[in-house]
Amino acid sequence: MQHRVTRQPAGEQGGPRPDDDAGLSAELVAVVAGARRRAVRDGDRQVDTAHLLHSLLEYDPEVRSAVGDAPQLARLLGYLVQRSIGYGLRWQGTVEDSGALAVVPDPAPYGAESREAGAWSPAAAAAMEDARRRARRRTGAPAGGPDLLAALVTDRGSRAVEVLERAGIPARELLARVEGPEAEGDEEEYAGGREAVG
């Protein structure tokens, strides 16, 4: 008889929950709070990577600068604010879990059950963990907006990458702009992700 192996929740592994302030800069704390508010306001079951991307663009000028010029930003924000139509309709009632990142924690312990608004999608929770890891590896300082942006674009199967690609902003090029020479070390990790849909 085979036993089903369940993933150990990040909280039980001793790691912070996605919305914990631990390991986050003040700016990123505001980004996370904004993403949670947006998910609840939109009636979405979970905070996903597109919510995080949208909030990053609102709160972090360094991220806006990395993403592109004014026309690119306007196009990207146009896609993000229209998530209730078009491709966003495909997201309703589904869980965002691209499976591209090695560690995908159980979203249930992150403040709400997975079916309640304000919970975290597995992909978004993994991106938050990855942002903290990147910051620790780089300087040991709290994670900031660029760390989270790099984590989001590394997961090619995420909703954030789907929106970026639809807006004409290639995720691989964006990762190179955010991380510069350090991005070369992430090429293998990036190549392991799934292709963006669409």
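Screening residues 59-70 for side chain to side chain donor-acceptor pair (under 3.5 Å) gives Arg37-Tyr59 as the qualifying pairs, with residues at least two apart or on separate chains.
In this structure, Ser55 and Ala35 approach most closely via the heavy-atom pair OG-N, 3.4 Å. What you find for Ala119 and Arg36 is that their closest heavy atoms are N-NH1, 4.4 Å. When all heavy atoms are compared, the tightest approach of Gly144 to Ser25 is CA-OG, 3.6 Å. In plain terms, the two heavy atoms of Leu76 and Ala167 that are nearest each other are CA-CB, 3.8 Å. Residues Val47 and Ala124 share a closest heavy-atom pair of O-CB, 3.5 Å.
For Arg133 and Glu129, the salt-bridge test fails: no basic side-chain N is under 4.0 Å from an acidic carboxylate O. Residues Arg132 and Asp147 are not paired through a salt bridge, judged by the lack of any N-O separation under 4.0 Å between the basic side chain and the carboxylate. With salt bridges taken as basic N to acidic carboxylate O contacts below 4.0 Å, one links Glu179 and Arg134.
No side-chain heavy atom of Val178 sits under 4.5 Å from any side-chain heavy atom of Val153. Looking only at side-chain heavy atoms (C-beta outward), Val161 and Leu152 stay at 4.5 Å or farther from each other. Put simply, the side chain of Leu53 reaches to within 4.5 Å of the side chain of Leu149, judged on heavy atoms.
Remark: Leu175 CG to Arg156 CZ distance equals 11.0 Å, nearest 0.5 Å.
Partners of Arg38 by side-chain contact (heavy atoms from CB on, under 4.5 Å), not counting sequence neighbours, listed by chain and number: Arg41, Asp42, His51, His54, Glu58.
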